[in-house]
Amino acid sequence: MASKKQPVVQVRMQEDLLRRLIVMCEAEGRSLNNQINMLARNAVAYHERAKGKFDSKELAAVELDAFFEEENE
């Protein structure tokens with residue numbers, strides 16, 4: 001069974017913030033990728049609690065093609 005490809009997002013940040021995130025990851029036993037995903041999920045959940053759920057039609061209309069890596073064949 002082929003796994004579904006996930007979008008790829010590059011993030012620029014200050015070196016000090018990256019170091020702090022890495023130390024946090026090590027303390028919590030997560031990879032940097034998993035830590036950032038968890039922080040993003042928490043931020044979205046907080047936003048939805050504070051301001052309401054996102055509209056499913058609006059979410060479905062968001063174009064993601066630019067976030068998928070092209071395969072070299």
Side-chain angles (χ1 to χ4, degrees):
M1 176 189 292
S3 63
K4 184 177 178 182
K5 294 198 183 251
Q6 292 186 329
V8 175
V9 178
Q10 279 188 337
V11 178
R12 290 182 187 92
M13 68 179 67
Q14 295 174 340
E15 289 180 14
D16 183 61
L17 178 57
L18 178 57
R19 285 187 177 94
R20 290 170 188 268
L21 279 171
I22 291 169
V23 170
M24 184 190 315
C25 294
E26 292 169 355
E28 296 185 8
R30 290 188 183 95
S31 68
L32 181 59
N33 187 72
N34 285 339
Q35 186 74 23
I36 291 171
N37 273 299
M38 189 235 6
L39 292 168
R41 280 191 302 273
N42 289 347
V44 168
Y46 175 81
H47 179 88
E48 289 186 326
R49 281 193 310 275
K51 304 202 179 208
K53 299 276 183 186
F54 291 104
D55 181 88
S56 59
K57 289 180 183 176
E58 186 178 355
L59 291 174
V62 174
E63 184 56 52
L64 297 178
D65 287 346
F67 297 98
F68 287 90
E69 295 178 330
E70 293 185 28
E71 292 185 30
N72 295 329
E73 294 186 36

Is there a path of hydrophobic side-chain contacts, each under 4.5 Å between heavy atoms, that joins [X] and [Y]?
| X | Y | answer |
| --- | --- | --- |
| L18 | V23 | no |
| L64 | F54 | no |
| V11 | V8 | no |
| V44 | F67 | no |
| I22 | V9 | yes |

If you look at every heavy atom in C25 and S31, which pair is closest and at what distance?
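Minimum heavy-atom contact is SG-O, 3.8 Å.
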Do you know which two heavy atoms are closest between D55 and K57, and how far apart they sit?
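So the minimum-distance heavy-atom pair works out to OD2-N, 3.0 Å.
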Distance (rounded to the nearest 0.5 Å) between M13 CE and R20 CZ:
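Going from CE on M13 over to CZ on R20, the span is 13.0 Å.
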If you round to the nearest 0.5 Å, how far is CD of E63 from CG of D65?
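Answer for the CG-CD pair, D65 versus E63, is 4.0 Å.
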Apply side chain to side chain contact (heavy atoms under 4.5 Å, CB included) to M24 and list each qualifying residue two or more places apart in sequence or on a separate chain.
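M24 satisfies side chain to side chain contact (heavy atoms under 4.5 Å, CB included) with L21, E28, Q35 only.
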Which is it for M38 and N34 under the side-chain contact (heavy atoms from CB on, under 4.5 Å) test, yes or no, and what are the steps along the way?
CA-CA 6 Å; M38 189 235 6; N34 285 339; over 6 Å; no
